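Worksheet: one structure, shown below.
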Amino acid sequence: MVWALWGLVPMTRPLLTTLALLALTAALSAGLLHAQGSAETERPPYRIDLLPGWNLISFPGDPVDTALESVMGPDLQADIILTYLSDAWLTALRDTEGRVSGTLTTILGGWGYWVHTPVAETIEVTLAPSDVQPVQRTIYGWNLMGVWDTEQRLPGTEVAADDYFSQIPWRVAYSFNTDANRWAKHLPLSEGTVEIGAGYWVWATTHVYCPPVSTTQIRRGAGTAVETGAGYRVQTSGGLAWLCP
């Protein structure tokens, strides 16, 4: 029989065996938690292949680091990156020495981007996990949109266009195939699809967006003011406002 020095408690063989099993269980649990934490923090990079010429692409989620130079990386030879937001172009140009200039400084999930490169290459970026698809923001007219995907499936995975664009009043969408140098037209109620990793020119028949938390009154038509301090989806052409989901 063994006596524990700190409490003079008799340590029988069954008790020693039990304590050893508890210690082993704790060690295995700690190792499993560490492995799970590593899996969460060391996600594999998301890869989007580029062909020589103009590529119309998107990312299915926000990059962990949204800075353009971090997403594109120092080794990427792409020399022009463009997006179109709220009726204005944002541009980034890279010179022959790798210096980047322009108004486009961040890359976000769900937006469409034109990327011009002289060679075939691949963008590799770590995306942040997300289980919520943000409200799609559009203006009346043309919008350069991407495909957000909470599962972050591989580029080329197809999603029903009517389901994906269900939040906006869209009339037509166009995608661009770099390899064939050809546009493709997509219409509502046509059982068409959009592809994860691709970008789309989308025509919307009215403004629909969910602005940040409002600090000013928003009125529904010419009637009663609705709650301030909340986010609203707004249809400006009709003067309508309703709470964002």
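No experiment lies behind these values; they were computed from the predicted model shown.
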Give every donor-acceptor pair under 3.5 Å between a side-chain atom in residues 68-85 and any protein atom, sequence neighbours left out.
residue	atom	partner	partner atom	Å
S70	OG	D65	OD2	3.2
D79	OD1	H116	ND1	2.8
T83	OG1	G112	O	2.7
Y84	OH	D87	OD1	2.7

Single-linkage hydrophobic cluster, 4.5 Å side-chain cutoff, Y200 and L51 together: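 Each belongs to a different hydrophobic cluster.
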Shared hydrophobic cluster, V172 / L56 (ILVMFWY, side-chain heavy atoms < 4.5 Å):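 Linked within one cluster.
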Pairwise side-chain contact, W148 with V132, heavy-atom cut-off 4.5 Å (strictly under):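 They are not in contact (no side-chain heavy atoms under 4.5 Å apart), so the answer is no.
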Of the options [options], which is the one that meets [X] in a side-chain contact (heavy atoms from CB on, under 4.5 Å)?
{"X": "D62", "options": "I107, L108, T106", "value": "L108"}
{"X": "M145", "options": "W201, W111, F165", "value": "F165"}
{"X": "L104", "options": "T91, L93, L90", "value": "L90"}

Donor on one side chain, acceptor on other, T122 and D49, under 3.5 Å: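 Side-chain D/A pair, T122 to D49: present.
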ring-ring contact (aromatic ring centres under 6.0 Å, His included) involving Y113 - partner list, sequence neighbours excluded: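 Result, ring-ring contact (aromatic ring centres under 6.0 Å, His included) vs Y113: none returned.
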Parallel, tilted or perpendicular: rings of W142 and Y174 (30°, 60°):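 Because their plane-to-plane angle lies in the 30° to 60° range, the rings of Y174 and W142 count as tilted.
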Side-chain donor/acceptor pairs under 3.5 Å, residues 155-163, sequence neighbours excluded:
residue	atom	partner	partner atom	Å
T157	OG1	L154	O	2.7
D162	OD1	L189	N	3.1
D162	OD2	L189	N	2.9

From T138 atom OG1 to W203 atom CH2, the distance as rounded to the nearest 0.5 Å: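 It comes to 11.5 Å.
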Within 6.0 Å of CZ in R47, more than 12 heavy atoms from elsewhere: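 Incorrect, the count does not exceed 12.
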